[in-house]
Amino acid sequence: MKISKELIEKYHSGHCTPDEKKAVEAWLFDDEATTEPTLPLPTGESKFEIREEMWNEIATVLPSRQKPAVLAFFRPFWRQAAAVLLICLAGVAVFYLKNREADSGVIVVNNVSDTANQNLHESAYSIAIGPKSNVEINHETGRIDFCGAMMINPNRDIELTIQGICARPDEKSEKRILKKGQNYIALNYGNAANPNEVIILPQGSLTGLPPLMQRQLMMQFDI
Amino acid sequence: MKGNSWNGLGAWLLLLGLVQLVGCAPKKTGNDPGVQKKYSLYVMMKDGTEYLVQTDRIDSGHIDPLVQGAKVVPSRIFYELIVHQNHYYRLDWKTGKFLRHVVENKAYTQTGSLPLTGNWAVDNHTWLGDTLLILGHDSKNTKLRYAKITLDPMKAIEGILDIPAPTGGFNNMTIGFSTFLKGNLYLGYTYHKIGLNTYTTSDTMYITELTYPGLKTVRTFKDTRSAYPGGINTRQSHSFTDEKGDFYFISCPGIALGDHPSKPTGIFRINKADGSLDRDYFFNLSASPIQNHGYGFWSIGNGKAIVRTERKGLFKGMQDHYLIPHFDFYVLDLARQTTSRLNLPLDKGTARNCILVENGLVYITVNPNTEGSYVWIYDPQTGSLRKGLHFDAQVDYVLRLERLNSLSD
C-alpha cells in the first residue's frame, strides 16, 4: 500500500480501515532505511520555511525556560571582559610558574631559621644556606641570586654568576669559576663602608675578614 | 796479664774511633731537638699549603719551605700562634684546648694539651714573667674570660673579668690590648654589633685599669677620637711600651678590623707618670700624609715606630683586601708626629706579623706579587734599606717572623 499524505492524515483522524491502519503503522515503525523517495513537498513550499514553522509550533507546547543564573551574571559587558582578563592572567601565571619550576630549573629557597643552615644538593654542587638567608638558583643561566650568607661546595669546576640581592639586585656581578672540592663562602657583607659588598671567598681565605666575622662564619658553616 | 793489657788498649782504640766517628757525623739540623734555631717563619705557599721554617739567618740566604720547612696541620692557624722558647702555643677555639707544639724532624708535633673552660678565642695575650695571660670574649656565654698559664708543666688558673658585657644593641666585644703598667693590668676594648653577614664597632673605645692579681676595676677611660683600640695581638703587634715606660697603641677603625671607617686611624698614649690615657696626645694618621687607615704598629726604638697602612683605591673592599698588594710601611716619629714612607714594594696580606727588631736593625718581611719576597733590613740610624733572606717563588705570604727563643746571639 502506498503511504500518502492523505492516508497519514486519515490515520491521524482515525478514519482508516484496519488494513490501512496496519500499513501506516508498519511504515511508521519501520526503522530500516527506505529506498523509497521521501514524500514530495507541496508545490511552492520551502523546506526551510516548513521546518521553521514546525519548530515554532513545537516551541509553543514546550515548557518555557528561564535564562541560567550564570548567563544572567555575565550579562553586563564589563563582567564578561573581566572574566576574559582573569582567565588570561591565570593562564599566564600557570605558564610562568610551570616554566620556573620545571622547564628552566629555577629553585628558590628561603631559610627562615634563626640558627640552622638549610642544605641543598644539586648535581653540580651542594649549598648550605645560612640562617635568614635566601637563594634563587637558575640552572639555565648559571646564576645564583642570594641575600645573606651561604657556603657552596662544587662537585666539579663550575662557572657561576653569584649576585647579591639584599640591597642592590641590579648591580652587575661577573661570572667566576668555582673549583671542585673547595668550599666557598658567599656573603652579602653589610659593613659600614659598603652596605652590600658581595664577598666570595674560598674557605681558606676567610682569615682576610675581620676576626669576629671569620670565626662567626667558621662556626656557622662548621669549617 | 799481657793479653789483658792488649785487650785494654784495643778497647781504648775502639772508643777513640767511636768518638772520632761521632765527631765526624754531620751536624744536627734545627729540626732536631736540642739544637735550636733562632728564628721562626710561617709561610703560605701559592697552592695554599702552610709551612713553618726555622733558621739561624734572616739577613741573607734563600728559603725553600718545601725543603727546609715543616708542613702545618691543621691549616689556617697562623693568626693564633704564640711563640715562646722554641714552642708554639695556641688556644684551639673549636675544642677549647690550649695546645703546645714543636717542630721536630720537620714535623709540626703536638707536645701538650690543656683543656680550658668555655668557648672562646684569644683576643690578647701578655706575659708576666714566665706566666702567660690570655684573654678573650666568650660570646656564647657572654663572659670575658682569662687564663693564667704556667708552661712547664702546663697549668691554668682561669677566671672571668668584671668588665661590662655588651648591651644596647651590641652583642660582642674584643680586647685590643693588654699590658701591665706599674703593676696594674690595663685592657683596651670595644663593643660590636655582629650578625651572620653584618659587622660594625662602637664609636667609643674603653680602657680599664685593673688591680693585679685581684683584677678589681680601678678606673675606666672612654674615648671617641677613634674606634677599635689595638687589635688581636696574636696576629700582629698593635701596641708597645717605649723605653721611657709610656704605652702607645694604635686604633684600627678601618674595614679590616673595626669597620668604623669614618673615624681616623690614630696613635694614643697612656702615660707612665699618672697611668692615665693622655687626652692631649693623638697622632691622627688618617689626617697625616698617610691619608689612609692602618693596622699593625711596631716599636723600632728611640721614639720611633713603624705602621703598616692600606692604600685606598687599590682594593675594592674585603673581597680583595688580603689579596692585592696595597700596603705601605711608614716610619713614625711619635713625639714630632711626622711620617716617612719606607721605599718598599707594595705589600699584601691584611695582617702579618712581619717586623722584628734586633740589635738596632729592623727586619721587615715583604711579600709583593711580582718583585720577590724578602726579609728587608732597615737601619733607622742611616735610613738604609737592603734585601736579606730571599723566599722561594712559590711562597705567597710570609705570615709570621719571630724569635724562637730569647737565647743570646
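Naming: A, B, ... by sequence-line order, numbering from 1 per chain. Small disclaimer: the values here were computed from a predicted structure and weren't measured.
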Taking all heavy atoms of Asn197(B) and all of Met213(A), pick out the closest pair and write down the distance.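 Scanning both residues completely, I find the closest heavy atoms to be CA-CE, 4.1 Å.
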
Heavy atoms only: give me the nearest Leu212(A)-His192(B) pair and the separation to one decimal.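 Taking every non-hydrogen atom into account, CD1-CD2, 3.3 Å.
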
Is there a donor-acceptor pair closer than 3.5 Å between any side-chain N or O of Gln216(A) and the backbone N or O of Ile194(B)?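 Looks like no, no N/O pair under 3.5 Å.
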
With distance as the sole test, does Lys94(B) use its side chain to make a donor-acceptor pair with the main-chain N or O of Ile223(A) at under 3.5 Å?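 Looks like yes, one N/O pair under 3.5 Å.
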
CA sep, side-chain torsions, deciding dist, call: Gln319(B), Tyr189(A), side-chain contact (heavy atoms from CB on, under 4.5 Å): CA-CA 10 Å; Gln319(B) 168 74 36; Tyr189(A) 183 44; over 6 Å; no

Where does [X] contact chain A at under 4.5 Å (heavy atoms): side chain, backbone, both or neither?
X         : result
Ile232(B) : side chain
Thr200(B) : side chain
Thr198(B) : both
Asp123(B) : side chain

Measuring heavy-atom distances to chain B, does Ile185(A) have an atom under 4.5 Å in its side chain, in its backbone, in both, or in neither?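 Contact with chain B: none, neither part.
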
Go through the steps to decide whether Trp93(B) and Met218(A) satisfy the test side-chain contact (heavy atoms from CB on, under 4.5 Å), and finish with yes or no. CA-CA 11 Å; Trp93(B) 55 273; Met218(A) 289 179 77; 3.7 Å; yes

Salt bridge (charged side-chain N to carboxylate O under 4.0 Å, His left out), that's the test. Do Lys179(A) and Asp47(B) meet it? Break it down for me. CA-CA 13 Å; Lys179(A) 296 276 184 194; Asp47(B) 67 0; over 6 Å; no

Hey, which of Leu187(A), Leu217(A), Asn188(A) has the most heavy atom pairs under 4.5 Å with chain B?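 The answer is Asn188(A).
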
Does the side chain of Leu196(B) come within less than 4.5 Å of Gln220(A)'s, by heavy atoms?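 The answer is yes; the side chains approach within 4.5 Å.
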
Part of residues 198-211 of chain A lying next to chain B, heavy-atom separation under 4.5 Å: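 Interface residues of residues 198-211 of chain A: Val198(A), Ile199(A), Ile200(A), Leu201(A), Pro202(A), Gly204(A), Ser205(A), Thr207(A), Gly208(A), Leu209(A), Pro210(A), Pro211(A).
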
